[in-house]
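Order of the sequence lines fixes the chain letters, A, B, ..., with proteins taken first and strands second; residue numbering starts at 1 for each chain.
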There are 2 protein chains.
Amino acid sequence: MLEIRHLRTLLALTEAGTVSRAAERVHLTQSALSHQLKALEAHYGVAMVKRHGQSVKLTEPGQRLVTLARTVMGEVRTAERDLTKLVGKPAGTLRIVLECHTCFDWLMPIMDAFRKHWPEVELDLVSGFHPNPLALLADNKTDLVIGSENKPRRGIVYHPLFRFEVLAVMPTDHRLKAKRHLAASDFAKETLITYPVPEERIDLIRRVLKPAKIHPRRRTTELTVAILQLVASRRGVAALPNWGIKNYVDYGYVIARRIGKSGLWSNLYGATTGEVARLPFVRDFLETARRECFAKLDGVVPVQ
Amino acid sequence: MLEIRHLRTLLALTEAGTVSRAAERVHLTQSALSHQLKALEAHYGVAMVKRHGQSVKLTEPGQRLVTLARTVMGEVRTAERDLTKLVGKPAGTLRIVLECHTCFDWLMPIMDAFRKHWPEVELDLVSGFHPNPLALLADNKTDLVIGSENKPRRGIVYHPLFRFEVLAVMPTDHRLKAKRHLAASDFAKETLITYPVPEERIDLIRRVLKPAKIHPRRRTTELTVAILQLVASRRGVAALPNWGIKNYVDYGYVIARRIGKSGLWSNLYGATTGEVARLPFVRDFLETARRECFAKLDGVVPVQ
DNA sequence: AATATATCATGAGCCGTATTCATAATCTTT
DNA sequence: AAAGATTATGAATACGGCTCATGATATATT
C-alpha cells in the first residue's frame, strides 16, 4: 500500500539520480530503497524506474507518482506549519553556524523567504569562527551547521544541500589565461586572496595546494566583492564557487578556470542533531534552502 | 512520522464520529486507532480529538489534518487512476450484485459518474436473484455485492456505505395517518406492496412483522414508482427508504410514518473479496458511491 | 441508585514487515 | 582486463504497528 515514505523515496530518487544517493537523502540503505521500489512496482504492476546505464530514470508511471509526491509533500509541509502555529508553542529558534564563508550570499535570501513562512521562529546567524562547529550541535550551542563536512558522527544527521564547483578566479589578462585548467603548481607564484579564515577551511589549500606542498602568499578580506575587486586589479587570484562569480565572469570583469582536470568540487550539507532534524520548521528550512538554491543558483548540482 | 494511514484514520474518524466505528471502516481494531491517535498527538504535541460526551470531536489541529487528508487522498486517488491508465491493463470489469432493490435508484447516477472516470472498466449490473449473493464473491461470479449484510466471513471485507431509515408509506387519507409511528400490529390488516423478492429480503417483514407473527397480504411490483402509485391509490401500504420517497411526500402524493418507536434502520455495505478490495477502481467506486450518496440523498447518515 | 451498555485508554506481547547485512550480478571506467 | 560503482536479491534482524485483554469513564436503562 502506498505510504508517504514511498513518495519521499521517489522524490529523493529524481533529485539524486541514483538509488544509492537517494538512499543517503532519506537516511536509509540502498537496499531498503530497492525493496521499496520493488514493492511499489509489484503493487501497481508497472516499472517505476528504468535503469539507463549507470543512472536510474523514472518511467512515466514513476513520474506520475513523483508529481503526486510533490503536491502531497507540499500540502503536508504547509499543514504541519499550520499545526505548529495552532499549537502556539513559544516560537522556536534556529541558530545557524556557517562553515562556508561564501554561503552568506545565498543564505540571506533564503532566510528572508523563511521568515515569511515562520515569523514566529527566531533566526540567529552565528558567524564567528569555531574550531569544531559540529561540537556545538551536541552542546546545544547551535541548531544547524552548514558546511561541507559529512563524516558520520553519532547523534548527528547530515542533510545534503547541493554540490558546486570551486573555480580559480583571475584577472582577465592573467599569464595563465590560456590554460583550460590550472594545476597546483600554477599557484606557486601567485598571491591567494581569501576570506580571513584558517587554512584548513579553504578547500583549494586543504585539498589541492597542501597535498602538493605548495604554499602561496595569502591576503585576506571579508567580502566576496572585495575579493573580486582585488583580483580584477591584479593583486592576486582567488578560488570561489561557480555560482558566486558567474555574473562577474559574464560581465568580463574577471575570468574563471577549472582547478585540476576534473575540477575542484564541494558538497554542502546541513548538519543537525537527530532531535532538531525532527522539528517541522527545521525540515522546512532545509527543504526551502535546497529548492531555492537549485532554482536560483547557476551551476549547482545534487550532492554526490 | 506522519503517514497516509494516519490520514485515513482521521478521515474515518470524522465520518464515523467514534473511534470504534472509525476502526471498522479502516478494518483495524479500536485499539489500533487509539494508539495511532496517541502517536500523532505525541508527535505534534497537540490533542487531535476531544471527547465530547459519548462521541469524539476533532480539535482544530485535528481538523487541519483532516483537511490535509481530504486533499491528499483526493490526489492519491486521481494519481492511482492515472497509473492504471498508464499501465494500460486490459480494462478491468466490475460486476455488481444488488441485494437491495431500491438501490437501483441511487446506483444509476453513481455508475454514470464512475464510467466517466474509468471508461475502460466494464460495468455489469447483475440484478437477478440469488439465494446467497455473498457466495458469488468467493466463486468469482461477481466482484461487488451491495446489501445490508455484514456478518464477518473469511475472505470477505465489508465497506460501509451509508445508513438510512425505512418508512411506512401510506395514502394521504389512511386510517393510521394520525399515528406518529406504527407498530407491527398496525400492519395486520393491510396489504403490503413490495418488490417481487422473497420475504427474507424485506426488512419490514424479516425484522418487524415476522418476529411479531404478523403476516399481511402481499402484492408485488417491480418499480418504485409503481409501488408509490399503488399506495397513493389506496391499494396498500409499503416500506421504503426515506431518501427514495422524500419527493413524493413533500409533494403530498403519499404520507410516511416511522416504523416502531426508534424507527426501522438499515445499513448498506459493499462486500468484496480482499483481493478485489485492493483494485484501485473498486476502491474508487466505493468511495464515489459513499461521497455522492451523502451529498445527494436526503436523510442518509453514516453506518453505525 | 444500580445495572447494563456503550465508549475510549493503556500495557503487554505478538506478529508483520521494513530495514539492514552480505553477496551476487551488471554496467562503466581506466 | 581489472577496478570501481551501481543495483538486485535472499536471509536475518529489529523495529513498530496491531491485537488482545483489561480497566476506566461516560451514557443509557431499570
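To the nearest angstrom, C1' of C:dC8 lies 12 Å from CD of B:E41. Put simply, CD on A:Q36 is 13 Å from C1' on C:dT20, counting in whole angstrom units. When the C1' atom of C:dA25 is taken as reference, atom NZ of A:K38 falls 14 Å away, rounded to whole Å. Atom pair B:K57:NZ and C:dC8:P shows a separation of 14 Å (rounding to whole Å applied). Rounded to an integer number of Å, the gap from CD of B:E3 to C1' of C:dT19 is 14 Å. The nearest whole Å value for the distance from the CG atom in A:L37 to the P atom in C:dA18 is 13 Å. Between the CD atom of B:Q30 and the P atom of C:dT10 there is a distance of 11 Å, given to the nearest Å. A straight line from CZ of A:R5 to P of C:dT20 spans 12 Å, rounded to a whole angstrom.
A donor atom on one side chain and an acceptor atom on the other are not found under 3.5 Å apart for B:S148 and B:N267. A donor-acceptor pair shorter than 3.5 Å cannot be found between the side chains of A:Q30 and A:S20. Side chains of B:E80 and A:Y44: a donor-acceptor N/O pair is present below 3.5 angstrom, by distance only. Using modelled atom types and a 3.5 Å distance limit, the side chains of A:Y269 and A:N150 yield a donor-acceptor pair.
Under the rule for a salt bridge (charged side-chain N to carboxylate O under 4.0 Å, His left out), B:K50 has no partner lying at least two apart in sequence or in another chain.
Note that the two end axes of the helix from C:dA1-D:dT30 to C:dT30-D:dA1 enclose an angle of 30°, each drawn from 5 base pairs, rounded to 10 degrees.
Side-chain atoms of A:E99 and A:I146, non-hydrogen and from C-beta on, never get closer than 4.5 Å to each other. Within the 4.5 Å cutoff, the side chain of A:H159 has no heavy atoms near those of the A:F285 side chain.
Within 6.0 Å of CD in A:E60 there are 12 or fewer heavy atoms belonging to other residues, nucleotides or ligands.
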Assess whether side-chain contact (heavy atoms from CB on, under 4.5 Å) is satisfied between B:E15 and B:R290, documenting all intermediate values. CA-CA 11 Å; B:E15 287 171 6; B:R290 289 197 323 133; 2.8 Å; yes
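Of the side-chain N and O atoms in B:R51, one or more sit less than 4.0 angstrom from OP1 or OP2 of C:dA9.
The base of C:dT20 lies close enough to the side chain of A:H35 for a donor and an acceptor atom to sit less than 3.5 Å apart.
Positionally, the nearest nucleotide of DNA chain D for A:S20 lies more toward the 5' end than for the other of A:S20 and B:L28.
Along DNA chain D, the stretch of nucleotides lying under 4.0 Å from any heavy atom of chain B spans, 5' to 3', D:dG17 to D:dT27.
Counting any heavy atom pair closer than 4.0 Å across all strands shown, B:S31 reaches a base atom.
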